[in-house]
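Written below as structure tokens is the structure these notes are about.
A note on names: the letters A, B, ... follow the listed sequences, proteins ahead of strands, and every chain is numbered from 1. All values below come from the heavy atoms of this structure, side chains included, with hydrogens, waters and symmetry mates left out. Owing to the predicted nature of the structure, the values given are computational and were not obtained by experimental measurement.
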Amino acid sequence: MFATIKRLYHQFGSPRYFYDMTGKMLPWLIAGAVLLIIPGIVWGLAFAPPDYLQGNSYRIMYIHVPAASLAMGAYVMMAVAGVVVLVWRMKMAEMVARSIAPIGASFAFLCLITGAIWGKPTWGTWWVWDARLTSMLILLFLYIGVMALNMAIENAQSAARATAVLSIVGAVNIPIIKYSVEWWNTLHQPASISMTSSSMATEMLIPLLLCIFGFYFLFAVLLIMATRCEILQREQRSNWVRQLVENN
Amino acid sequence: MSELLLHVKGLSCERDDRMLIRDLAFDLHGGEILQIEGPNGSGKTTLIRILCGLSDDYEGELHWRGQPRHRNDDRFRQEHLYFGHLTGIKTSLSPRENLRWILQLKGVGERGPALDTAIETALEKVGLASYEDVPVYALSAGQKRRVALARLQVEPALLWVLDEPFTAIDRKGVAELEALIQQHASRGGSVLLTTHHALDIPGLRKLQLGLGGGQWALN
Amino acid sequence: MGTELNPAAVNPAVVKPPSMAQGFNAMLRRDLVVAFRQRSDLVNPLFFFIMVIALFPLGIGPEPSTLQKIAPGVIWIAALLSTLLSVDSLFRQDFDDGSLELALLSPQPLFVLVLGKIIAHWLVTALPLILVSPVLGVMLYMDADTIQATLCSLLLGTPVLSMISAIGAALTVGLRKGGVLVAIIALPLYVPVLIFGTGAVEAASMSMAFGGQLAILGAFLILALAFAPFAIAAGLRISLNG
Amino acid sequence: MAFDNFAEFLAMGKHGAYVWAAYGISLLVIAANILAPILRQRALRIDIQRKIKREKLES
């Protein structure tokens, strides 16, 4: 088992192999995303029963929860890619890490916007300093910090290494920030308002799971498309890219 | 033939997608002086930064006194002296304070008075006898440069890595520095320097960079 | 070249193996001397801290009850912004005159030198703030043990702030437009320290026990002391690698 | 079907505006994330082709 992971690791380390392989995988991933998200959303919007407490506004959950888990997962993935960049100095990892940041940031932003919109009918205000929303806001700032540093450094390699250090430091701080924000939130707002009703009926839960898996497929698709651009950008001098560009 | 100090094999370096140096290989023994020549932007400073350990953006092998560099990194750091474009001299400090800090950074054993006498004699040799405690910002450009050059007098090092050491020095200073370099080589140390200045040092080896596509020529 | 040191010039065996203490002391002492020679860097963050705090009563109104309520946040956010203001001078000058390169090439481990540098920077910029904060506390109608809580929380928290901003400074030292970038990088990481710092002061203002918050600040301090120097050293090596 | 007819589905009780606003913005953000790499890839290909042509002329 370990040998195959090692082999895959080295194979996917070469930009050309990564480009070709992901090109083949892309259609399947897109199909997976569509086949999961469309049914999940339609089921969640149209067929899931209204919540006895919140009526229909809870249906925003089918976008909000996947976005939240993706924003968090993407940051951790960026930190792991950062470790690979710093320890094994793999160029491919640099390109993947660089492409994750904007996607993760958009999902963090999406999570905040949908959370705020969901909050309006539920709590009567657009923004509530709820522990999870506040942690997500700080996560978005962390993303912005990583992207700002990435743009500030011209040399692609030192940019990748600098952002790797920053995303690792950020990843170490995420649990600390989460814990302190939750402590701060309970201090100032004892009545903790839960976003969703306590026990979720299965008709509500299954579409949510479909959406979450679907969003992870979607994330894979977006990441692969962005990383392939990064490969063309950084490998444009190599002749495999030149042939690729010339014959189509 | 004295001890093999620096052994470079298959060293290539790429800088923003163009090949600066390709498969450079040379050996530097004690007593040898190697001048690195080439037009601006040909990778002289980049090579210097790679050889002295400031930059690790290269492929290839670097050995110091028979061992690969990553294994005896501490020893290499103690046994070489890097003299860059920016001399590392802080203008708000006096020459004595600057040199003391640099020597302590190098892990020099001496303490207190022994260190001070060594610094004083070094400053004397570069003609800064009565300027030991004058803040460097009050010195002239030439004197500032000589404060940095005083490091060569006092800092213990086998290999000198000098990047454009002759800039901003008058004719007398150039002659003194050339003599110093030769003296260091004659006592078993080796010198690696970049300069546009025509050096008249017997037995000088030259490494030509910037011949296009990372080519190089060693005489 | 007849001085005792020079036989070592060719045969470095005489050189003592590098000791961490020597490197640490050398860097700490030199930075303190440089800081005292350049008064302005020393005093600016202090004036900024005082002025920012003085602005709040003007902006929000002089009623003691409101000022007392916002005092913990005001003092802590002012301390946070002053740290940000003073962090640029941490590596920038050494980068410009080349002594940062010498530090990188030293046989002494870099994280020890960096630790010396940050402690010197903290002594020069953050300690004056802490010493002056009681006066400002009185200005914001703080009572005695709230001021005591402010002092303790600042004493434990500002080194963590300095270390976090040093990570940002190390990553951006080589860039021309580093200034604002350090703030964008460091501010999100300040949040836990800010929360527990103001938490301690608030608890004291409501005359509750604030030992817990200080304990957590102490934990952050130890975590920062253990890990930050390595991240800073890595950041410096990357910035100067170009 | 949780709603009797399509009109009610759109209205979703008084929450329709919020739900559709949230989904609309999500669609926009995801569409942007899909389009950006496609446009960038096209621009990159053109740019590389131009560079190849320029190098051919020079050599």
Closest heavy-atom contact between [X] and [Y]?
| X | Y | answer |
| --- | --- | --- |
| C:I238 | A:A162 | CG2-N, 3.8 Å |
| C:A231 | A:V165 | O-CG1, 4.0 Å |
| C:G199 | A:W183 | CA-CH2, 4.2 Å |
| C:I184 | A:A148 | CG2-CB, 4.4 Å |

Item to check | CD1 on A:I144 to CD1 on C:I185, rounded to 0.5 Å | outcome: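 Between C:I185 CD1 and A:I144 CD1, I get 12.5 Å after rounding to 0.5 Å.
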Checklist entry - CD1/C:I195 to CD/A:E182 distance, rounded to the nearest 0.5 angstrom? => result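 Result: 10.5 Å between the selected atoms.
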Item to check | Steps toward side chain to side chain contact (heavy atoms under 4.5 Å, CB included) verdict (A:I153, C:L171) | outcome: CA-CA 10 Å; A:I153 303 174; C:L171 289 169; over 6 Å; no
Checklist entry - Of the backbone (N, CA, C, O) and the side chain (C-beta and beyond), which part of C:I216 lies under 4.5 Å from a heavy atom of chain A, both, or neither? => result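 For C:I216, the side chain is the part near chain A, not the backbone.
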Next on the checklist: Run the side-chain contact (heavy atoms from CB on, under 4.5 Å) test against A:L137 and tell me which residues pass, sequence neighbours left out.
Outcome noted: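 Once residues adjacent in sequence are excluded, the partners of A:L137 under the side-chain contact (heavy atoms from CB on, under 4.5 Å) criterion are A:L112, A:W127, A:W129, A:F141.
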Checklist entry - Within a strict 4.5 Å, meaning less than it, do heavy atoms of the C:P188 and A:L142 side chains meet? => result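 Yes. Closest side-chain heavy atoms under 4.5 Å.
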Next on the checklist: If you define the side chain from C-beta out and look only at heavy atoms, does anything of C:N241 sit under 4.5 Å from A:R161?
Outcome noted: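 When only atoms from C-beta onward are counted, A:R161 and C:N241 do touch, with a gap below 4.5 Å.
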Next on the checklist: I'd like to know which of C:L194, C:V191, C:I164 tops the heavy-atom pair count under 4.5 Å against chain A.
Outcome noted: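 The candidate making the most pairs under 4.5 Å is C:V191.
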Item to check | Atom group of A:Q157 that falls short of 4.5 Å from chain C, counting heavy atoms | outcome: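 No part of A:Q157 comes within 4.5 Å of chain C.
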Checklist entry - Does any heavy atom of chain C fall under 4.5 Å from the side chain of A:L140, the backbone, both, or neither of them? => result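 When you check distances to chain C, no heavy atom of A:L140 falls under 4.5 Å.
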Item to check | C:F227 CZ: over 12 foreign heavy atoms closer than 6.0 Å | outcome: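 Atom CZ in C:F227 is not crowded, with 12 or fewer foreign heavy atoms closer than 6.0 Å.
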Checklist entry - Got a sec: does the NZ of C:K69 have more than 12 other heavy atoms crowding it under 6.0 Å? => result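 No, because the 6.0 Å sphere around NZ of C:K69 holds 12 heavy atoms or fewer from other groups.
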Hey, can you pull the donor-acceptor pairs under 3.5 Å for the side chains in residues 167-178 of chain A, sequence neighbours left out?
| unit_1 | atom_1 | unit_2 | atom_2 | d |
| --- | --- | --- | --- | --- |
| A:S167 | OG | A:T163 | O | 2.8 |
| A:S167 | OG | A:A164 | O | 3.0 |
| A:N173 | ND2 | A:V169 | O | 2.8 |

Checklist entry - Among residues 213-232 of chain A, which residues come closer than 4.5 Å to chain C, judged by heavy atom distances? => result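 Result: none.
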Item to check | Per-residue contacts, residues 7-19 of chain A versus chain C, heavy atoms under 4.5 Å | outcome: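 The stretch does not come within 4.5 Å of chain C.
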